[in-house]
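Since the structure comes first, as structure tokens, the remarks are kept for the end.
Position 1 is the first residue of the sequence; numbering continues from there. All values derive from a computational prediction rather than experimental measurement.
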Amino acid sequence: MTPTDSAAGSAAPADGDDGLMEKIVSLCKRRGFIFQSAEIYGGFRSTYDYGPLGVNLLRNVKSQWWRSMVQLRTDVVGLDAAILSPPAIWEASGHLANFTDPLVDCRSCHSRWRADKIDGVCPNCGSTEFTEPRAFNLMFKTHAGPLEDEGAVAYLRPETAQGMFINFSNVLQTTRKKPPFGIAQVGKSFRNEITPQNFVFRTREFEQMEMEYFVPPAEAKQWHDYWLAERFGWYLDLGIPEERLRLRHHAADELSHYSAGTADVEFLFPWGWDELEGIANRADFDLLAHARASGETLDYFDPTTNERYVPHVIEPAAGATRTMMAFLLAAYDEDEVAGEPRTVLHLDHRLAPYQVAVLPLSKKDTLEPLTQEVLTLLQPHYMCDFDVTQGIGKRYRRQDEVGTPWCVTVDFDSLEDRAVTVRDRDSTAQVRVPVEGLLDELGSRAEV
Ligand code: GAP
């Protein structure tokens with residue numbers, strides 16, 4: 001538990017799992033997955049920059065989500081709505097009134113906490129004396145235009161979801177979809193979290209992957225069950241072990257203001273079970289609220305039954321940055337290869353920052369043309385790394401540590417037989433493959 005004013009840059013994760021969290025934080029920095037933002041100025045609290053490896057991993061998480069939620073379906077379409085938004089949206093959605101955390105100050109050490117997270121005892125000094133809880137709205141408020149007056153107030157969206165509701169009619173009319181159908185969006189959201197903590201688990205700026213699935217009201221329960229199973233399966237398919245994943249149904253007093261039923265997909269983090277994704281039955285709350293506030297009709301006329309109705313909404317809402325961290329934690333392993341310890345990330349090849357590393361055995365110029373030929377062959381199909389800096393054993397270890405599933409080594413024999421060595425990250429097995437057959441060999445390994 002970190003107080004609200006924790007020092008910039010301190011990830012300070014709770015750690016109950018052999019220092020795993022610290023190892024991940026250190027690996028992320030050392031190898032260029034995640035950097036503390038504004039580090040050269042002492043760091044900016046609760047913001048992170050995704051480095052050369054992190055940006056690849058995060059993009060792969062998001063594109064695997066998009067692939068399963070949009071590309072492989074005919075009933076879901078995409079959207080990319082604005083981040084900057086007028087108060088009317090958040091008035092109607094209930095966020096201005098309800099999107100608050102109860103904030104208390106410790107009367108003894110003056111640290112600031114979320115009242116619902118501390119069981120009445122200050123985690124900093126042990127005092128039980130607090131100020132009365134005050135509702136603290138989590139939305140970032142700004143001004144659009146040159147005047148900083150009330151008429152210019154705008155908000156950074158705290159969730160991507162409202163973009164889908166306010167575009168419901170636009171999408172319905174332009175795509176000719178009919179319920180059940182969904183609108184999906186991936187993008188940044190912003191919340192002025194009182195207690196950002198556990199590295200990128202809870203930050204003030206983060207990315208969400210959300211889908212609003214509009215259904216005939218009578219089918220809401222059935223579709224809620226469908227999406228629970230579908231989303232749970234997505235994490236398993238991409239390599240989270242079943243024993244570290246569970247579904248937890250919310251108790252009635254835990255439900256958000258809009259929800260008629262929610263279950264979370266939870267991951268076993270080093271500090272315990274915690275949320276990756278909420279899958280909510282939002283009923284007709286949002287379309288009704290925006291119809292009422294905007295004066296627009298937000299419903300669906302079914303020409304086959306001559307019925308007009310407000311669809312109910314099932315919403316799988318996941319965090320991309322948080323999920324990326326879960327994939328890293330689940331993939332991390334330390335083992336031994338030929339009597340030497342190694343760190344390895346067993347990332348699924350669809351998520352790994354690089355699928356292939358092309359490694360010339362030596363820096364000698366003679367290997368350069370064939371190495372370049374191999375890179376030119378592979379780059380259109382795979383994200384490739386190229387490394388010529390140290391001995392080949394060290395370079396294999398460096399690739400294992402960042403989860404690269406396959407290394408392709410060009411050696412002096414390659415110049416004679418036009419064959420290269422393909423090394424597998426998990427088994428460390430090596431096979432000799434003709435350059436002409438390399439795409440087929442990797443293709444068969446990458447089949448999903
Ligand atoms: N539209 C519903 C909604 O936004 P939520 O449970 O507040 O629901 C969905 O957020 C997901 O977004 C969470 O399950 C989590 O993965 C991610 N998320 C929420 N707040 C976050 C934060 N401060 N930092 C990182 N991820 C966050």
Side-chain angles (χ1 to χ4, degrees), residues 1-30 33-49 95 98-141 156 158 189-206 248 250-251 253-254 256 264 266-276 278 319 321-322 324-326 328-329 332:
M1 182 69 58
T2 37
T4 56
D5 287 331
S6 62
S10 74
D15 213 331
D17 191 0
D18 248 3
L20 175 61
M21 195 63 208
E22 267 173 16
K23 288 175 185 169
I24 289 292
V25 172
S26 148
L27 176 69
C28 280
K29 181 173 164 68
R30 186 161 36 83
F33 282 90
I34 301 176
F35 306 123
Q36 174 66 49
S37 194
E39 197 173 10
I40 63 166
Y41 292 104
F44 186 51
R45 201 172 301 142
S46 174
T47 52
Y48 293 91
D49 297 341
H95 281 77
N98 298 314
F99 198 56
T100 57
D101 278 342
L103 189 70
V104 290
D105 291 336
C106 171
R107 288 198 190 276
S108 175
C109 71
H110 306 294
S111 58
R112 187 161 287 176
W113 302 94
R114 259 178 74 171
D116 55 331
K117 295 277 181 193
I118 56 171
D119 284 334
V121 181
C122 175
N124 195 37
C125 72
S127 165
T128 52
E129 299 290 314
F130 292 96
T131 55
E132 283 301 307
R134 321 185 277 296
F136 173 77
N137 196 291
L138 298 183
M139 282 195 295
F140 279 100
K141 193 175 180 177
L156 301 189
S189 294
F190 302 82
R191 297 182 188 180
N192 199 358
E193 299 282 1
I194 301 172
T195 49
Q197 64 189 154
N198 287 334
F199 199 34
V200 294
F201 179 80
R202 182 176 297 115
T203 50
R204 295 197 172 118
E205 175 177 344
F206 56 97
R248 190 182 65 79
H250 283 207
D253 62 355
E254 205 188 336
S256 311
D264 290 342
E266 292 190 335
F267 175 73
L268 188 54
F269 285 94
W271 59 88
W273 290 100
D274 222 330
E275 174 186 341
L276 288 178
T321 35
R322 189 179 283 192
M324 166 184 156
M325 184 170 118
L328 279 173
L329 287 162
Y332 187 92

* How about F130 and W113: are their ring centroids closer than 6.0 Å? -> no

Between [X] and [Y], what is the shortest heavy-atom contact and its length?
X    : Y    : result
F99  : M139 : CD2-CG, 4.1 Å
F199 : T203 : O-CG2, 3.6 Å
D264 : G278 : OD1-CA, 3.4 Å
I24  : L328 : CD1-O, 3.7 Å
G126 : V121 : O-CG1, 3.7 Å
K29  : F35  : O-CE2, 3.7 Å

Hey, what do you get for [atom1] ([X]) to [atom2] ([Y]), rounding to the nearest 0.5 Å?
X    : Y    : atom1 : atom2 : result
E39  : D49  : CD    : CG    : 9.0 Å
K117 : D101 : NZ    : CG    : 8.5 Å
N192 : S46  : CG    : OG    : 9.0 Å
Y332 : K23  : OH    : NZ    : 5.0 Å
L329 : L20  : CG    : CG    : 5.0 Å
C122 : E129 : SG    : CD    : 11.5 Å

Do [X] side-chain atoms and [Y] backbone N/O form a donor-acceptor pair below 3.5 Å?
X    : Y    : answer
N137 : H95  : yes
Q36  : F44  : yes
R191 : P158 : yes
R204 : E193 : yes
E254 : A251 : yes

Side chain to side chain, [X] and [Y], heavy atoms closer than 4.5 Å:
X    : Y    : result
C106 : C125 : yes
S127 : C109 : no
R112 : N124 : no
V104 : I118 : yes
F136 : R114 : no

* More than 12 heavy atoms of other residues, nucleotides or ligands under 6.0 Å from CG of D116: is that the case? ->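 Count over threshold, so yes.
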
* Evaluate the side chain to side chain contact (heavy atoms under 4.5 Å, CB included) criterion for residues M325 and M21: first the C-alpha distance (whole Å), next the side-chain angles of each, then the deciding distance (0.1 Å), finally the verdict. => CA-CA 10 Å; M325 184 170 118; M21 195 63 208; 3.6 Å; yes

* **For E205, all residues meeting side-chain hydrogen bond (donor to acceptor under 3.5 Å, both in side chains), sequence neighbours excluded** =>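 If we apply the side-chain hydrogen bond (donor to acceptor under 3.5 Å, both in side chains) test to E205, skipping adjacent residues, the hits are K188.
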
* Assign the ring pair F267 / F269 to parallel, tilted or perpendicular, where the plane angle (0 to 90°) is split at 30° and 60°. =>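 Because their plane-to-plane angle is over 60°, the rings of F267 and F269 count as perpendicular.
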
